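Beneath this line is the structure, given in structure tokens, with notes to follow.
A quick note: this is a predicted structure, and the numbers were derived from the prediction, not measured. We count ligands from 1, going down the list as the structure has it; atoms in each ligand are counted the same way.
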Amino acid sequence: MVDADDDWRQAAYEVVVEDEAGGCETVRVDSPDSVLVPWPVAPLTSRERATVSVRVLAGDGAVTPWSEPLTVEAALLEPSDWSAQMIAPAWDEDVTSSQPPCLLRREFVVTGDVVSARLFATARGIYFARVNGSAVSDSLLSPGWTSYDKRLRYQVCDVTPLVQRGDNAIGIAVADGWFRGYLAWEGKRNWYGDRTAALAQLEIRLSDGQVVTIATDTDWRAGQGPIRAADLYMGESYDARLESAAEGWDRASFDDSAWSDCVTQTFALDTLTAQASPPVRAAESLSPVSLTQTRAGATVVDFGQNLVGHLRLKSVDATDGERIVLRHAEILHEGELFTEPLRTAKQTDDYLAAGGGAVASWQPQFTFHGFRYAEIAGWRGPVPADAVEAVVCHSDMQRIGWFECSDELVNRLHDNAVWSMRGNFVDVPTDCPQRDERLGWTGDLQVFAPSAAFLYDCNGFLDSWLADLVVEQQPDGGVPFVVPCPVDADYTFPTYVAAAWADAAVIVPWVCYERFGDIGLLERQWPSMSAFVDACHRAHGGTINRELFQFGDWLDPTAPPGDASNGMTDRHLVAGAYLVRSLDLVVATAEVLGRSGDAARYRSLADDYRAVWRREFVRPDGLLSSDSQTAYALAVCFRLLESDADYTRAGARLAELCEQAGFRIATGFVGTPLICDALTTTGHVESAYRLLLQRECPSFLYPVTQGATTIWERWDSLKPSGEVNDAAMTSFNHYALGAVVDWLHRCVGGLAPLAPGYRSTRVRPLPGGGLTSARVSHVSPYGEHAVDWRLADGQFQCDVTVPPSTTAIVDLPVEGWQQRRLGSGRYRFEGYFDSLNM
Ligand code: BGC
């Protein structure tokens, strides 16, 4: 049954671009392309503005109304646009531990009426800027973390409402952040330098056409405020008694005569790049769900959700010199915070109160913590529930994907993956957000990228991270384990071709292309992608080089707690499989980019390595040398076998292994995103559901039954005995094993991309496991796609939404169903459920 079928298809579009002088150009493009199309007129130059409207023409001649006009503005595109210098306070510092953030300020007079004002700013460290007492933006932790030596992002803020005729002041606070704070697990700091600094250029256009530029230089003054130390791992210390001395530092007429001079630093302006990814912001606040007292009289607050951010004290009950200490942890042990898994990350903020009455509110500015529980010590008596909240912070990406089904535990598993993404997309895609790591581990992102790209619009976020991957890539093509890579390792080839981790160089760009249709990103990444597979080929030398360092199927449940790569799947089998996978994707990329010569060359390499893989890892009886869930999942999903019969046999063996394991999961980071797909594509849908729905440890749902609110690093981060697994490497917020949600979206919900950016989709729900309904929806660049099915009394009913200019190939488990191709519209189908049609 068709509810509303309009099969709307674009034939052409028109763009009107109006420049600042009132000039107007209208461009008509006969093209069905509606996503990431080329800019239709001459490129804007630095600071240039234009107003753009669009309308679209359908094949039948119908024309849409013009869109609301959108104003775009170019940032500073050339190093020569900058007159600012990188400045730092002139004082000496002991940089062996966390330092107070510096405050940099400058007053200036504006002699005309302000038409517009822009602040272009960045820092060596993390900063916030204020003009005339107001914050210039609500972003946090700017400029974020990039490979600072090679790429430093600057932020652009419209500060027109803040600048006034007459006296003005600008202030910038800079803290250690990733630049010189503690980073990685060896207690090291000052990775990028030992002096924090800022670079800012405030450009003010006056009504008489004059442009006044206030730029960082030696006229600025430097001081300190109440923040006495700030570090991402360690936390923040605040001394409210120092507030009054710095009161008004960000306004005109502040006496900074006792402040210090500033000195300039050498800085390569060509490392500057405008920020294209969303900034980190406070996304929401959570109230406590319970408060309890510890034996020592501190209050433990439970927010009911493991999260990333910080506490906001809405009122502070303390006076002169009394210290309130806030500690954060993901779990409790006997009613107290259990902080061992944090290793050296202290995650402790403290607030030293001043005399003179109640304080309105306080929150740290330059740190973030991973926690569900917080301990508040030093408060007089119990902390009232309404005095504190948790502020959730992450890169401010738009949510674009949703899933729910009739099983509440599965829904919680899905929510846990969403929360782990939120907690680990804090400017850089990290392994975990709490212990002394929080690094851009390539393998973790590689496995989670498809899930991430469904849940949030993370194209800009990943584009920025991939630009760092490019600049961190070795001249020999190797890709470091973490990006950005603060590690000054004694690197030698071929360490950086570790399978599933370094393959992020190929797989993540491909995922962005597949999910967002961003061909420009693919073009930019091509040199990196091809250099990486070339490096792998050189490292393996046409065979499987068993001497190479590999992470293997990291953390499969049989790996000893202290030896995560030593699981049941031969790590070199994993390496060979990934080499073929990356070669296949490089072939596909070369085809998209019209590089037929490259496509042919890499195809022949992929064929060779497939043959090598089979020779090495497929036994004469057809079983694999590692008779493990992950090995078969790789063979099936990466198309490593030869004949249909081989796939049938591999699928059957995989299902058998799952059954023998009592449908407990036996995969690590590598096998987990693949196993349910491998089962479903070989016809073992019920086995996939039994794996999904298993609750005994290890399984997807075991953590959920233990009250998990994020995805755990290990299947048994908390053991059934209630003990925490090997505290040296046990996080409760690690998205990697949450990668199964991509299968929930594509196979349980039944919505998968078929053409880049979801221009065409495959609608193919696979009911099973006793589920009676599922609903999946995704806002692609074309609009909202949705599949919503329910099963009752043998009747299957399914609503499908297909957005304009896209098509869907629909396969439903309904008696007598014939595959259909749908144009845009809303549809309802129903019929007798028939699993043979799946
Ligand atoms: C991280 C992982 C990472 C791994 C690789 C761990 O410490 O937390 O998620 O991929 O190291 O060695």
Among all protein non-hydrogen atoms, which one is nearest to [atom], and what is the separation to 0.1 Å?
atom                    : answer
atom 9 (O) of ligand 1  : Asp444 OD2, 2.5 Å
atom 4 (C) of ligand 1  : Trp554 CZ2, 3.5 Å
atom 7 (O) of ligand 1  : Glu437 OE2, 2.6 Å
atom 1 (C) of ligand 1  : Asp431 OD2, 3.3 Å
atom 12 (O) of ligand 1 : Phe551 CE2, 3.0 Å

Does ligand 1 have any atom sitting under 4.0 Å from a heavy atom of Phe481? no
Test ring pair (Phe, Tyr, Trp, His ring centres under 6.0 Å), reference His328, set Phe338, Phe371, Phe303, Tyr233, output is Phe371
To the nearest 0.5 Å, what is the distance between OG on Ser451 and CG on Leu744? 8.5 Å
Atom pair CZ (Arg435) and CZ (Arg343), whose distance is rounded to the nearest 0.5 Å: 4.5 Å
Suppose I only count heavy atoms of [X] and a 4.0 Å limit; which atoms of ligand 1 are within that range?
X      : value
Phe669 : 9 (O)
Trp501 : 5 (C), 10 (O)
Glu713 : 8 (O)

Exercise: do Asp436 and Thr344 side chains pair donor with acceptor under 3.5 Å: yes
Heavy-atom pair of closest approach, residues [X] and [Y]:
X      : Y      : result
Val533 : Ser582 : CG1-CB, 3.8 Å
Tyr632 : Asp627 : OH-OD1, 2.7 Å
Cys393 : Val426 : O-CG2, 3.8 Å

Evaluate His734 for polar contact with ligand 1, using N/O atom pairs at a separation under 3.5 Å. yes
To which of Met729, Arg435, Arg438 does the heavy atom nearest atom 8 (O) of ligand 1 belong? Arg435
For ligand 1, indicate whether the residue Gln446 contacts it via side chain, backbone, both or neither (heavy-atom separation under 4.0 Å). neither
Does a sphere of radius 6.0 Å around NZ in Lys150 hold more than 12 heavy atoms from other residues, nucleotides or ligands, not counting ones at 6.0 Å or beyond? yes
